[in-house]
J.: 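I'd like to ask you about the structure that follows.
Every chain is numbered from 1, with letters handed out A, B, ... down the list of sequences. This structure is a prediction, so every number in the text was calculated from the model and none was measured.
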Amino acid sequence: MALSSGADRGSHSMDKSITLPPDEIFRNLENAKRFAIDIGGSLTKLAYYSTVQHKVAKVRSFDHSAKETEGDPLYEISVQEEITARLHFIKFENAYIETCLDFIKDHLVNTETKVIKATGGGAHKFKDLIEKKLKLKVDKEDEMTCLIKGCNFVLKNIPHEAFVYAKHADSEFRFQNTHPDIFPYLLINIGSGVSIVKVEAEDKFERIGGSSIGGGTFWGLGALLTKTKRFDELLQLASKGQHTNVDMLVKDIYGGAYGSLGLTGDLIASSFGKSATTDKEFSKEDMAKSLLHMISNDIGQLACLYAKLHNLTRVYFGGFFIRGHPVTMHTITYSINFFTKGEVQALFLRHEGYLGAIGAFLKGAEEDNPNQYSWGENYAGSSGLMSVSPELNPVQRARSGTFDMLEMDRLERQLVNLPLLQDPTSYIPDTVDLTEDVLAREYWLYCFEEALDGVVKRAIASQKDQPKAVERAEKFRQKYRHKLQTLRHQPFAYGSLTVRSLLDTREHCLNEFNFPDPYSKIKQKENDMALKYYLKVVKSVEELSWEQRQFTLVKGLLAGNVFDWGAKAVSDVLESDPEFGFEQAKLQLQERPWLVDAYNQWIERLKGPPHKCALFFVDNSGIDIILGVFPFIRELLIRGTEVVLASNSGPALNDVTNSELQILTERIAAMDPVIHTALKEDRLALVQNGSSSPCLDLSRLDKVLATVVRERGTDLVIIEGMGRAIHTNYYAMLSCESLKLAVIKNSWLAERLGGKIFSVVFKYEVPSNIREIKS
Amino acid sequence: MSEWMNRTEKLIGSLRVQLTGEAHSLSVYRFLVNDIMELNGFHCDGEGCAEEKEEEPPALMLPRSKTETPCSLIATPGADSEAAGGSALREQRVSKSTPVMLRLDSLKKNRPPFPWFGMDIGGTLVKLVYFEPKDITAEEEQEEVESLKSIRRYLTSHTAYGKTGIRDVHLELSDLILWGRKGNLHFIRFPTHELPAFLLMGRDKHFSSLHTTLCATGGGAFKYEDDFRTMANLQLLKLDELDCLIKGVMYIYSVVSSGPPECYYFEHPTDPERCEQKAYNLEDPYPLLLVNIGSGVSILAVYSKDNYKRVTGTSLGGGTFLGLCCLLTGCSTFEEALAMATEGESTCVDKLVRDIYGGDYERFGLPGWAVASSFGNMICKEKRDSVSKEDLARATLVTITNNIGSITRMCALNENIERVVFVGNFLRVNTLSMKLLSYALDYWSKGQLKALFLRHEGYFGAVGALLELPNPS
């Protein structure tokens with residue numbers, strides 16, 4: 001649908017007539033409420049809260065009183081509508097305000113909304129227009145308060161929000177891990193002037209200083225000097241200029257460096273100093289560059305002086321002067337580095353432009369307590385960070401003329417750190433940063449693109465009788481392929497690119513087109529079949545000697561993990577007889593010694609006293625969970641170790657979800673007195689991990705899980721599967737014993753790790769402090 | 001310290017005893033002592049002086065009253081020579097006693113030959129100080145070579161040299177005693193780009209035939225060293241500019257006693273009606289933040305005569321003011337730019353807090369008159385078209401000055417220093433900036449910080465260089 005404000009009413013100029021693709025922007029307006037708007041000098045940011053209705057797969061156990069008949073499935077799957085909360089943020093140029101307001105008016109059904117929170121310098125100017133168009137009362141909020149609120153929100157809720165910019169590095173962006181405690185920090189907001197704000201707590205902040213030399217100075221003085229009107233054009237000029245033609249450098253005065261003071265010859269001694277002493281014409285580019293350096297250096301210097309005085313090391317930069325521009329980020333970074341001798345790093349934010357809108361929104365939504373929830377960036381609905389290299393990608397740059405979006409989902413569970421992380425501040429979930437590792441990036445992007453057809457097929461197959469499944473699956477394909485293409489050019493779009501983020505993006509895109517659980521039926525079938533062999537497997541294990549039994553259990557765990565629909569290499573085996581498959585899988589496994597082999601240490605440990613409580617992050621459904629994990633934890637339970645099984649809150653690939661696991665556990669308990677008793681005595685507990693990802697971020701886990709872990713005195717963590725133990729957490733350091741095991745089902749990765757396909761990783765780690773106590 | 005005090009007292013005592021004849025002004029007296037210490041501290045070549053190096057310059061410890069002290073010029077520590085150390089005194093002109101005569105000889109031997117110059121070659125200006133001896137005897141006059149005479153006559157009989165060289169006559173220090181000679185200290189400046197012409201003149205006046213050392217500091221001492229040698233056959237004694245700066249400041253402050261005060265400040269800087277220039281007593285100067293505003297800016301924290309550090313600097317300095325003014329208004333000299341700035345109004349160029357908030361931004365204690373964005377109004381075409389050159393010059397001056405004030409204030413806070421002395425040629429005839437700095441420091445520090453200024457604002461580096469003349473290292 002095209003929307004044009006010009007042609008219909010004939011009262012507006014043509015340049016305001018734009019086409020809004022309503023499928024893509026201002027989504028879910030029907031249910032929108034709580035609007036907030038931040039109108040800056042050139043960009044408008046609109047925020048609203050909406051509820052999204054989407055399909056979720058639910059499993060429900062059949063009534064046990066009914067007589068079981070052969071061939072009936074284990075449990076029932078139903079697709080239900082669920083309503084979840086989502087925050088929408090849209091950024092567009094001020095020129096489109098009127099068109100956008102008209103569009104919103106036409107699509108806004110909800111009549112409850114009475115006010116719109118507004119902030120930003122332009123809010124005043126557009127007050128009447130907003131009130132007239134939307135019939136909402138404009139309620140102005142303090143700019144700085146909004147900014148800080150927004151900043152706290154993104155720092156807390158978006159992993160990889162902050163980054164360090166390094167122009168000449170392989171990857172321009174170095175994303176920072178979310179610190180559990182974000183305070184205190186310094187925010188340098190560079191608008192027309194500069195504000196320096198010290199933030200000590202959620203609602204405690206102080207403007208400790210500022211400067212009048214800011215973005216307005218660059219723009220105003222730049223316009224006078226170069227006769228260039230637009231801010232972005234000035235930056236373009238600057239990126240092409242040579243400041244050394246205009247500035248007086250140390251070497252212009254000294255002929256070289258000022259060695260005794262450690263001032264190098266290339267240092268600027270006097271900005272614009274050459275224009276004071278030479279009667280020549282200076283190029284626009286050179287003057288713009290000199291001006292940019294002058295202003296960036298000055299701001300950087302003041303920021304350092306304030307950081308030093310207040311003893312702060314985390315310094316974030318934002319405001320329209322920065323706005324993701326590589327030249328300004330580079331000059332600011334350079335300046336901070338120079339003045340603090342590398343002690344303070346300049347940090348930038350991916351969603352810096354949205355801070356005011358987010359803050360204004362939060363001010364208006366205080367009664368909903370948005371801060372008590374955890375939120376997650378929706379990769380499907382968010383534009384991501386644009387390419388910031390104007391020289392490399394002028395087309396992408398021009399996107400500032402269109403619409404940029406950020407969508408955040410309210411997560412059902414509040415997320416916290418795993419209490420067993422050795423050092424939460426230095427924990428990085430992902431093993432390989434694909435933003436830095438070019439070869440790995442190319443491989444995985446290729447791999448995900450290759451697998452796309454299969455995913456589309458499976459999505460359609462999962463909803464054979466559903467309306468428009470093919471059409472939706474096709475839309476999914478386009479969206480995900482587009483995301484992959486974007487990531488190929490801008491690997492940093494959503495923070496560090498990782499296998500996890502690629503997998504998560506795929507899950508978000510599938511959800512977007514109402515494919516909540518493409519594997520539900522496969523999982524059902526596999527679970528059903530595997531259950532039939534459970535007792536047989538348990539019995540055969542029981543007959544073995546202790547030593548043999550331990551090895552068989554571990555092999556079973558590993559063999560079970562071979563069954564993974566996520567890996568193409570094994571899908572064929574799966575179609576055949578599962579029992580045969582299970583035995584086949586054991587044969588496929590690499591012989592010992594494994595690629596990483598700490599089995600002997602593990603066995604030695606088992607000869608010692610039992611663990612108090614084991615936390616097991618489970619992986620796939622079917623054979624993996626039923627024939628691999630259950631016999632293994634059964635042995636632990638018999639040894640006297642409590643077991644907590646942590647499974648996904650929502651579906652991802654063929655991973656077993658918490659609700660599925662509950663049904664499976666019940667069924668196993670009905671067959672196996674060991675499991676039955678353990679459940680009854682609460683020595684076996686099931687918890688959800690708060691995630692819907694095939695990977696595992698131990699810094700964002702369900703709060704309940706953290707409590708259970710703490711209460712039960714967990715002293716062993718077992719992480720299973722490629723997604724959770726290889727792509728993520730391979731290097732995670734825990735404060736208790738841990739077992740990380742996986743079968744490498746990808747030849748490229750296996751080769752990279754120095755092995756072959758079906759290589760085994762069996763990593764048993766004991767933190768040094770515990771080792772010392774024991775010895 | 002106390003040991004030194006004792007020695008000084010002894011010395012003064014011995015002077016009182018020995019000196020007879022005409023009364024002499026305290027300034028000479030002070031300089032005399034200063035000079036002793038100068039020798040003690042820097043170029044003693046003998047006994048009992050090494051441990052003196054840490055001492056403060058005596059000038060700064062003596063009362064600055066104008067009380068005449070009854071003593072004549074013959075100065076010698078007498079038998080108690082360890083007090084002064086080595087070849088201490090050079091102040092012996094009127095001496096008739098034998099030991100003094102001996103000392104005179106030794107002084108004569110060590111005294112650098114004329115001409116006495118100190119040079120500071122900066123990014124924009126060359127600052128030259130020249131000591132013109134006024135006590136030349138007939139005998140000397142005869143011996144004086146023609147080239148020396150010619151230089152002396154040329155420099156002292158003009159107040160302008162070529163189109164751009166200027167002698168700041170109002171700064172001249174007359175009847176100064178330096179290394180036993182009485183004379184006038186002249187302050188001359190010319191643009192750095194005229195340095196080749198200066199060198200050619202030096203060559204034409206056979207400067208090199210005088211076998212003198214030319215003490216030079218500033219970046220140009222390094223950059224143009226080869227040119228001095230090849231064009232004028234002159235060997236430079238290169239000196240660190242910050243060392244010279246501090247030495248120069250302390251020296252000039254100590255020798256100026258009459259006339260306008262060397263150090264001054266603006267009283268009531270926040271009240272234009274009552275704002276006035278007042279003398280400031282800088283006897284006990286440390287710790288001190290010394291802000292040198294030349295083409296660029298250096299900020300030094302000075303803890304004692306020999307203990308200082310460069311805290312930071314900024315490239316937004318006098319060169320930036322002039323450079324931007326040239327580009328924005330088409331002017332070509334500092335004087336022109338400053339004259340325009342005096343006429344202009346910056347509030348139409350800058351965006352003020354009140355332009356954004358309609359008044360004060362109370363939430364953060366920002367007054368409406370404060371500049372929110374320098375040149376912030378210039379993003380708008382209509383305002384660009386209606387603004388005058390004078391307004392632009394004024395806004396440039398205010399921007400640069402306020403920024404220096406702001407960085408200085410932060411350094412003062414970080415270094416925990418309350419006294420700030422601003423020097424450098426940016427402040428020459430620039431009362432506007434001085435008042436602005438005074439105001440800014442006073443207002444934003446709530447009266448905690450004081451901005452001080454020195455009359456010889458831009459010449460301290462050159463003076464410091466001159467003082468190194470007897471140290472041919």
Side-chain angles (χ1 to χ4, degrees), chain A residues 41 121 142 144-145 191-193 195 206-207 209-221 223-225 229 231 246-248 250-256 258 260-261 263 267-279 282 287 293-294 297-298 301-302 304-306 308-309 339, chain B residues 121-124 191-193 218-220 222-225 240 242 294-296 310 312-328 332 334 349-351 356 363-366 370-381 384 392 399 402-403 406-407 410-411 413-414:
Chain A
D142 177 70
M144 197 60 75
T145 311
S192 47
S195 280
E206 189 191 352
R207 185 189 189 275
S211 166
S212 68
I213 300 186
T217 315
F218 177 71
W219 195 352
L221 202 44
L224 287 166
L225 291 170
K229 287 174 207 141
F231 182 82
V246 184
D247 290 340
M248 187 182 281
V250 166
K251 69 179 171 206
D252 292 322
I253 301 176
Y254 272 82
Y258 184 176
S260 63
L261 283 183
L263 304 178
L267 220 59
I268 305 171
S270 176
S271 295
F272 286 90
K274 277 184 188 152
S275 58
T277 51
T278 12
D279 272 338
F282 295 93
M287 287 191 289
H293 273 290
M294 175 180 111
N297 284 337
D298 193 54
Q301 178 170 31
L302 277 172
C304 293
L305 287 167
Y306 278 100
K308 188 178 171 201
L309 191 65
F339 286 110
Chain B
I121 310 168
T124 314
T192 304
H193 60 79
F222 298 81
K223 185 181 179 184
Y224 300 108
E225 189 187 10
D240 180 81
L242 300 182
S295 310
R310 184 179 188 273
T312 188
T314 164
S315 70
L316 284 83
T320 316
F321 164 65
L322 183 53
L324 281 175
C325 274
C326 292
L327 293 171
L328 293 171
S332 54
F334 182 72
V349 180
D350 296 338
K351 192 174 267 175
I356 301 174
R363 171 111 175 54
F364 296 120
L366 289 176
V371 183
S373 173
S374 297
F375 287 84
N377 278 339
M378 296 296 94
I379 66 172
C380 165
K381 188 175 185 304
R384 278 202 298 276
L392 291 173
T399 302
N402 275 338
N403 190 58
S406 169
I407 291 172
M410 289 310 295
C411 290
L413 280 172
N414 272 325

J.: Output the distance between atom OG1 (B:Thr192) and atom CE (A:Met248), rounded to the nearest 0.5 Å.
T.: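 Here the interatomic distance stands at 7.5 Å.
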J.: Quick one: are A:Tyr258 and B:Asp240 in side-chain contact, heavy atoms under 4.5 Å?
T.: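 Yes, their side chains come closer than 4.5 Å.
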J.: Considering only heavy atoms and a distance below 4.5 Å, find which of B:Gly317, B:Pro191, B:Gly313 pairs most often with chain A.
T.: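 Top count of heavy-atom pairs under 4.5 Å with chain A: B:Gly313.
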J.: Flag the one option from A:Ser195, A:Gly214, A:Ala223, A:Gly273 with the top tally of heavy-atom pairs under 4.5 Å to chain B.
T.: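 That would be A:Ala223.
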J.: Can you give me the closest heavy-atom contact between A:Leu305 and B:Cys411, atom names plus distance?
T.: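 Residues A:Leu305 and B:Cys411, closest heavy atoms: CD2-SG, 4.1 Å.
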J.: What I'd like to find out is whether the side chain of B:Ser315 reaches to under 4.5 Å of the side chain of A:Asp247, using heavy atoms alone.
T.: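 With C-beta onward as the side chain, the pair stays apart.
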J.: Does any backbone or side-chain atom of A:Phe339 lie under 4.5 Å from a heavy atom of chain B? Answer side chain, backbone, both or neither.
T.: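 Contact with chain B involves the side chain of A:Phe339 alone.
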J.: Between B:Arg363, B:Glu225, B:Lys351, which has the largest tally of heavy atom pairs under 4.5 Å with chain A?
T.: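 Answer, by heavy-atom pair count under 4.5 Å with chain A: B:Arg363.
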J.: Any idea which of A:Arg207, A:Met294, A:Glu206, A:Lys308 has the most non-hydrogen atom pairs under 4.5 angstrom with chain B?
T.: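 Most heavy-atom pairs within the cutoff with chain B belong to A:Arg207.
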J.: In terms of heavy-atom proximity below 4.5 Å to chain B, should A:Met287 be classed as side chain, backbone, both, or neither?
T.: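 The side chain, not the backbone.
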J.: Nearest 0.5 Å, what's the CG-CG distance between B:Leu413 and A:Leu309?
T.: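 Here the rounded value is 5.5 Å.
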J.: Mind checking ring-ring contact (aromatic ring centres under 6.0 Å, His included) for A:Phe282 and listing every partner two or more places apart, or none if nothing turns up?
T.: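 In terms of ring-ring contact (aromatic ring centres under 6.0 Å, His included), with neighbours along the sequence ignored, A:Phe282 is linked to no residue.
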J.: Between A:Leu263 and chain B, with a heavy-atom cut-off of 4.5 Å, which part of the residue counts as in contact: side chain, backbone, both or neither?
T.: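 Contact with chain B involves the side chain of A:Leu263 alone.
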J.: How long is the gap from CG on A:Leu221 to CG on B:Leu324, to the nearest 0.5 Å?
T.: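 The CG atom of A:Leu221 sits 5.5 Å away from the CG atom of B:Leu324.
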J.: Is there a side-chain contact between B:Leu327 and A:Leu224 (heavy atoms, below 4.5 Å)?
T.: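 The answer is no; the side chains never approach within 4.5 Å.
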J.: Between A:Lys274 and chain B, which part of the residue has a heavy atom less than 4.5 Å away: side chain, backbone, both or neither?
T.: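 Neither part; nothing is under 4.5 Å.
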J.: Measuring heavy-atom distances to chain B, does A:Ala269 have an atom under 4.5 Å in its side chain, in its backbone, in both, or in neither?
T.: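 Only the backbone of A:Ala269 comes within 4.5 Å of chain B.
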J.: Minimum heavy-atom separation for B:Ser373 and A:Gly216, please, with both atom names.
T.: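 In this case the closest contact between B:Ser373 and A:Gly216 is OG-CA, 3.4 Å.
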J.: Which heavy atom in A:Ser192 sits nearest to a heavy atom in B:Ile356, and how many Å separate them?
T.: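 Scanning both residues completely, I find the closest heavy atoms to be OG-CD1, 4.5 Å.
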J.: Are any of the side-chain heavy atoms of B:Leu242 and A:Leu261 separated by less than 4.5 Å?
T.: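 Of all side-chain heavy-atom pairs linking A:Leu261 with B:Leu242, at least one is under 4.5 Å.
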J.: Can you check whether B:Leu322 reaches A:Thr277 side chain to side chain, under 4.5 Å on heavy atoms?
T.: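 No, their side chains stay 4.5 Å or more apart.
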J.: Contact part of A:Leu302 toward chain B, heavy-atom cut-off under 4.5 Å: side chain, backbone, both or neither?
T.: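 Looking at A:Leu302, just its side chain touches chain B.
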J.: State, to 0.1 Å, how close A:Ser270 and B:Thr320 come at their nearest heavy-atom pair, and which atoms those are.
T.: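 Answer, listing the atom of A:Ser270 first, then B:Thr320: OG-N, 3.6 Å.
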J.: Do A:Leu225 and B:Phe375 have side chains that approach each other closer than 4.5 Å (heavy atoms only, starting at C-beta)?
T.: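 In short, these two side chains do not touch, never coming nearer than 4.5 Å.
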J.: Testing the basics here: between B:Lys223 and A:Asp252, what is the closest heavy-atom pair and its distance to 0.1 Å?
T.: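 The pair with the smallest heavy-atom distance is NZ-O, 2.6 Å.
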J.: Please classify the contact between A:Thr145 and chain B as side chain, backbone, both or neither, with a heavy-atom cut-off of under 4.5 Å.
T.: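 Only the side chain of A:Thr145 comes within 4.5 Å of chain B.
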J.: Among A:Phe218, A:Phe231, A:Phe272, who wins on heavy-atom pairs under 4.5 Å with chain B?
T.: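 It is A:Phe272.
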J.: For chain A, which candidate among B:Phe321, B:Phe222, B:Phe364, B:Tyr224 shows the most heavy-atom pairs at distances under 4.5 Å?
T.: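 Heavy-atom pair counts peak at B:Phe364.
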J.: Looking at every non-hydrogen atom in both residues, tell me the closest pair between B:Thr314 and A:Gln301 and how far apart they are.
T.: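 Between these two residues, the closest heavy atoms are CB-OE1, 3.6 Å.
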J.: Are the side chain of A:Thr217 and the backbone N or O of B:Ser374 linked by a donor-acceptor pair below 3.5 Å?
T.: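 Checking the backbone N and O of B:Ser374 against the side chain of A:Thr217, a donor-acceptor pair under 3.5 Å is found.
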J.: Just verifying a value: how many Å separate B:Ile121 CD1 and A:Tyr254 OH, rounded to the nearest 0.5 Å?
T.: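 That separation rounds to 10.5 Å.
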